[in-house]
J.: 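Please see the structure below; I have some questions.
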Amino acid sequence: MRLSDSKILHELTALGVELLPGKSLSTLTSLGVGGTTDLLRITKHESIPAILDLLDRHKIPHRFLGGGSNLLVGDGELSWVVLQLVKPEPDVVLEGNLAHVDAAADLGRTVTFCAKHNLGGMEGLIGVPGTIGGALRMNAGAYGTQIGSYVQEVKVYRASRRRIEILRGDQISFEYRHTSFAPDDMMLAVTLNLPAKPYTEIIQGIRICNEKRRASQPMGQKSAGCIFKNPPGASVGRMIDELGLKGRSIGDARVSDRHANFFVNVGRASAGEMLALIAEVRARVEKSYGLRLENEVVVWSA
Ligand code: EPU
């Protein structure tokens, strides 16, 4: 979607928005798939209610983009604009056991920054790509750790109330790859309450998780992490693997040879190819295991 009305563009600029016209979301997502639209980069949290009000008044559909690491975006010209927060400097401020982190901060860098200051707990999340905001919305987890366990409070733009609110951790429910945030809530910042631990101990935990991940997941390839959620007590990766579907490809979309719940883009895969592969694998698992798999990856149709 292209914004061309000069009055709207002028108002957005006055609200501190940086406009990147005609941006390909394939360059902003770890899967490397996605069509084109205008990207609106937000420099000031305080201006978000006015920006959203402006977009609503002009009936301009929009989506909030975090780090783009768990996202499958449709092909072609997209029918909505994308909003993304610009990371402030500094993006993490420590106060005793508390880490005040901007939603645009990189998750992995936040884990290592806190480690250097003897704050641990999040070792398992090392290697999970994306921003703190995205991790929060999905309650990202790995190796027995989930970010929700450490949330003291969250600063969020609540679209339904058209205002920025602070929520206490106990007002939010954090479940397996799911939270009680509304789909149009925009994560702005979080305060994490982290256990004190010696750096050397944290770094040891980080090393172990890194090794496990390197041994079992396709690092360095374009992917959106796991495609499907695990049903309770089961691993979808193992099921797809048992069906002999590793390496199964549609165009440049391929079931990873290393971990069967990762689908990788081995060249210039389209969203259509990825979605066709997802549908095929889902149907095969349903036929053989009688289980209807739920997407873990978030799909934004064009
Ligand atoms: N397995 C296979 N073949 C495969 C993949 C896995 O046999 O192709 C087997 C493994 O050998 C292991 C079992 O399945 O015995 C479980 O595999 P793994 O430890 O890799 O865990 P997972 O259940 O496949 C989950 C999360 C990952 C997270 C890891 C580590 C989901 C959908 N996946 O994977 O999260 O990194 O545990 O904690 O919950 C993500 O969220 O995107 C993600 C990758």
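Quick note: residue numbers are just sequence positions, from 1. For ligands, and for the atoms within them, numbers begin at 1 and follow the listed sequence.
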J.: Flag atom 8 (O) of ligand 1 as yes if some protein heavy-atom distance to it falls below 4.0 Å, otherwise no.
T.: yes
J.: Please report whether ligand 1 has a polar contact with N261, defined as an N or O pair separated by less than 3.5 Å (distance criterion only).
T.: no
J.: One thing to verify: whether R213 and E211 come together as a salt bridge, which I'm taking to mean a side-chain N less than 4.0 angstrom from a carboxylate O.
T.: no
J.: Please indicate whether any nitrogen or oxygen in G225 is less than 3.5 Å from any nitrogen or oxygen in ligand 1.
T.: no
J.: If we count only N and O atoms by modelled type, under 3.5 Å, do the side chains of T13 and E11 hold a donor and an acceptor together?
T.: no
J.: Give a yes or no on whether a salt bridge exists between K246 and D241, defined as a side-chain N under 4.0 angstrom from a carboxylate O.
T.: yes
J.: Within less than 4.0 angstrom of ligand 1, does M138 place any heavy atom?
T.: no
J.: Out of R238, Q217, H259, who gets a non-hydrogen atom closest to atom 18 (P) of ligand 1?
T.: H259
J.: Does ligand 1 have an atom under 4.0 Å from some heavy atom of K212?
T.: no
J.: For R41 and V17, what are the C-alpha separation, side-chain angles and deciding distance, and is it a side-chain contact (heavy atoms from CB on, under 4.5 Å)?
T.: CA-CA 5 Å; R41 302 203 355 118; V17 171; 5.9 Å; no
J.: Please identify which atoms of ligand 1 are closer than 4.0 Å to at least one heavy atom of F228.
T.: 32 (C)
J.: Would you indicate which of A142, S256, C226, A215 comes nearest to atom 44 (C) of ligand 1 when only heavy atoms are counted?
T.: C226
J.: Would you confirm whether any non-hydrogen atom of the protein falls under 4.0 Å from atom 11 (O) of ligand 1?
T.: no
J.: Under 4.0 Å, heavy-atom basis, I'd like to know which part of E242 is in contact with ligand 1: side chain, backbone, both or neither.
T.: neither
J.: Looking at atom 26 (C) of ligand 1, is any protein heavy atom nearer than 4.0 Å to it?
T.: yes
J.: Check each of R284, R254, E280 against R248 using the side-chain contact (heavy atoms from CB on, under 4.5 Å) test, and report the only one that passes.
T.: E280
J.: Let me see the working for H100 and T191 under side-chain hydrogen bond (donor to acceptor under 3.5 Å, both in side chains), right down to the final yes or no.
T.: CA-CA 4 Å; H100 304 286; T191 299; 3.0 Å; yes
J.: Is it the side chain, the backbone, both or neither of I240 that has a heavy atom closer than 4.0 Å to ligand 1?
T.: neither
J.: Distance under 4.0 Å to a non-hydrogen atom of E296: what atoms of ligand 1 satisfy this?
T.: 41 (O), 42 (O)
J.: Quick one: do R168 and D170 make a salt bridge, cutoff under 4.0 Å?
T.: yes
J.: Could you list the residues that satisfy side-chain hydrogen bond (donor to acceptor under 3.5 Å, both in side chains) with H62, not counting sequence neighbours?
T.: none
J.: Which ligand 1 atoms, with their elements, are less than 4.0 angstrom from a heavy-atom of R213?
T.: 36 (O)
J.: Looking at R161 and E165, does any basic side-chain N land under 4.0 Å from a carboxylate oxygen?
T.: yes
J.: Any N or O of F262 that comes nearer than 3.5 Å to an N or O of ligand 1?
T.: no
J.: Is it true that R162 and D53 have a side-chain N and a carboxylate O under 4.0 angstrom from each other?
T.: yes
J.: Would you say R177 contacts ligand 1, with heavy atoms under 4.0 Å as the rule?
T.: yes
J.: Looking only at distance, does K229 have an N or O less than 3.5 Å from an N or O of ligand 1?
T.: no
J.: For R282 and N295, does a side-chain donor sit closer than 3.5 Å to a side-chain acceptor?
T.: yes
J.: Would atom 33 (N) of ligand 1 count as contacted, meaning some protein heavy atom under 4.0 Å?
T.: yes
J.: Strictly below 4.0 Å, N to O, side chains only: are R177 and E296 in salt-bridge contact?
T.: yes
J.: Of the protein's non-hydrogen atoms, which lies at the shortest distance from atom 30 (C) of ligand 1, and what is that distance?
T.: Y143 CE2, 3.4 Å
